[in-house]
Amino acid sequence: MSSSGFSGYTTFSDFIATDPELSIYRTFLSLNSRNLLYQQSELLALEQKFREYDECDNKESNLDTLLSLKCWETFAARAAVDEPREAERMATIKDTQVKLKTYHEALLLQSQVLKLSRPCRRAFGAFRGWFDIEKPFVGYGNDLLIGHDDFVALQPSTDQDFLTNTLQNLGGKLLTGVRHETTPEIKYYSTKHVSRLATTSTVLLASLVINGAIVALYVVKDEHVRLGMITVFTSIFATSLAVLTDGRRTDIILATAACAAVLVVFVSTSESN
């Protein structure tokens with residue numbers, strides 16, 4: 001399917017602006033790495049030049065030259081009047097300062113880029129689908145999606161757990177929403193509905209596991225069977241947390257320990273009664 005209008009930078013930018021999750025861009029990681037390597041090589045060459053200066057200075061016997069090695073003012077003054085030795089070294093120092101600044105800025109920027117998250121499969125699928133249908137670019141721009149592993153999302157989906165991702169993928173089929181004007185295959189719907197549904201489902205399932213465990217332990221009286229049931233229900237509870245939420249391992253372990261403690265206390269209380 002193709003758009004009835006003309007696709008280009010305007011339509012592509014308008015499409016990206018329709019949803020924050022579609023702010024997906026190339027990082028050009030290979031080019032960044034190459035740039036850092038080039039800058040690193042330049043600094044290595046400067047580092048070697050300073051080593052050669054040091055070796056030359058160690059053989060120096062002229063008092064004025066030796067003084068410039070210990071006094072910056074003397075060194076700067078001699079460089080200002082174009083003394084060959086000092087002028088050359090001053091030019092190298094200035095060059096090093098500029099290149100070091102550029103290199104460190106590139107390093108910091110690269111570290112920040114590497115911290116950006118990759119787009120979720122759903123958002124990138126919509127991004128790719130629109131691009132393939134509309135074909136907004138010609139020339140090298142048409143090769144944008146060749147590096148499909150080189151994209152980051154400026155505002156990725158906050159909920160990345162299995163349940164939320166599944167509900168988001170089903171949202172385009174089940175939830176009411178608005179179709180994109182020129183690409184009706186893309187549908188926009190409220191993520192609040194998905195978030196609420198995921199939260200409700202998680203709470204209900206966790207409650208069912210706990211309540212089911214309590215009922216089962218109340219009915220069964222055999223002590224050995226009860227211990228086995230505590231193990232099973234605790235495992236089910238931990239698995240459901242790992243699958244249905246995006247909680248950290250520490251949080252899951254603490255919640256599982258609390259669940260096991262509740263069941264053990266229940267069994268002990270029921271036995272004493």
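Owing to the predicted nature of the structure, the values given are computational and were not obtained by experimental measurement.
- Taking 4.5 Å as the limit, some side-chain heavy atom of R85 sits within range of a side-chain heavy atom of S68.
- At least one donor-acceptor pair closer than 3.5 Å links the side chain of T18 to the backbone N or O of F15.
- In this structure, the side chains of T256 and I252 come closer than 4.5 Å at one or more pairs of heavy atoms.
- No salt bridge links R26 with D143; every basic N to acidic carboxylate O contact stays at or beyond 4.0 Å.
- Taking OG1 from T27 and CZ from R118, the interatomic distance works out to 9.5 Å, rounded to the nearest 0.5 Å.
- When Y25, F28, F131, F124 are each tested for a ring-ring contact (aromatic ring centres under 6.0 Å, His included) with F151, only one passes: F124.
- Between the side chain of K135 and the main chain of D132, a donor-acceptor pair closer than 3.5 Å is present.
- Contact annotation: the side chain of R122 approaches that of E21 to within less than 4.5 Å [non-hydrogen atoms, C-beta and beyond].
- When hydrophobic clusters are built by joining Ile, Leu, Val, Met, Phe, Trp and Tyr residues whose side-chain heavy atoms come closer than 4.5 Å, directly or via intermediates, L109 is not grouped with L36.
- In this structure, F137 and Y9 have tilted ring planes: the angle between them lies in the 30° to 60° band.
- Between Q112 and K115, the closest side-chain pair of non-hydrogen atoms is not below 4.5 Å.
- Between E47 and R51, at least one side-chain nitrogen of the basic residue sits less than 4.0 Å from a carboxylate oxygen of the acidic one, meeting the salt-bridge criterion.
- Looking only at side-chain heavy atoms (C-beta outward), T11 and W130 come within less than 4.5 Å of each other.
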(Q) Go through it in stages, so that I can follow the logic: the residues are F233 and L217, the test is side-chain contact (heavy atoms from CB on, under 4.5 Å), and I'd like the CA-CA distance, side-chain angles, deciding distance and then a yes or no. (A) CA-CA 10 Å; F233 279 109; L217 292 172; 5.5 Å; no
**Q.** Derivation of the side-chain contact (heavy atoms from CB on, under 4.5 Å) call for V152 and I24
**A.** CA-CA 6 Å; V152 294; I24 299 171; over 6 Å; no
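- Side chain of N58 to backbone of D54: a donor-acceptor contact under 3.5 angstrom is found.
- Taking a cutoff of 4.0 Å between a charged side-chain nitrogen and a carboxylate oxygen, E105 and K101 qualify as a salt bridge.
- Sorted by first and then second residue, the ring pair (Phe, Tyr, Trp, His ring centres under 6.0 Å) pairs with a member in residues 92-119 form an empty list; sequence neighbours excluded.
- Follow the hydrophobic side-chain contacts under 4.5 Å out from L154 and you reach F12 in the same cluster.
- Hydrophobic clustering of Ile, Leu, Val, Met, Phe, Trp and Tyr side chains at less than 4.5 Å, counting indirect connections, keeps I253 apart from I210.
- In this structure a side-chain-to-backbone donor-acceptor pair under 3.5 Å is present from D150 to L29.
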Indicate every side-chain donor-acceptor pair of residues 69-76 with a distance under 3.5 Å to a residue at least two apart or in another chain.
none

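- Salt-bridge annotation for D95 and K49: absent, with no side-chain N of the basic residue lying under 4.0 Å from a carboxylate O of the acidic one.
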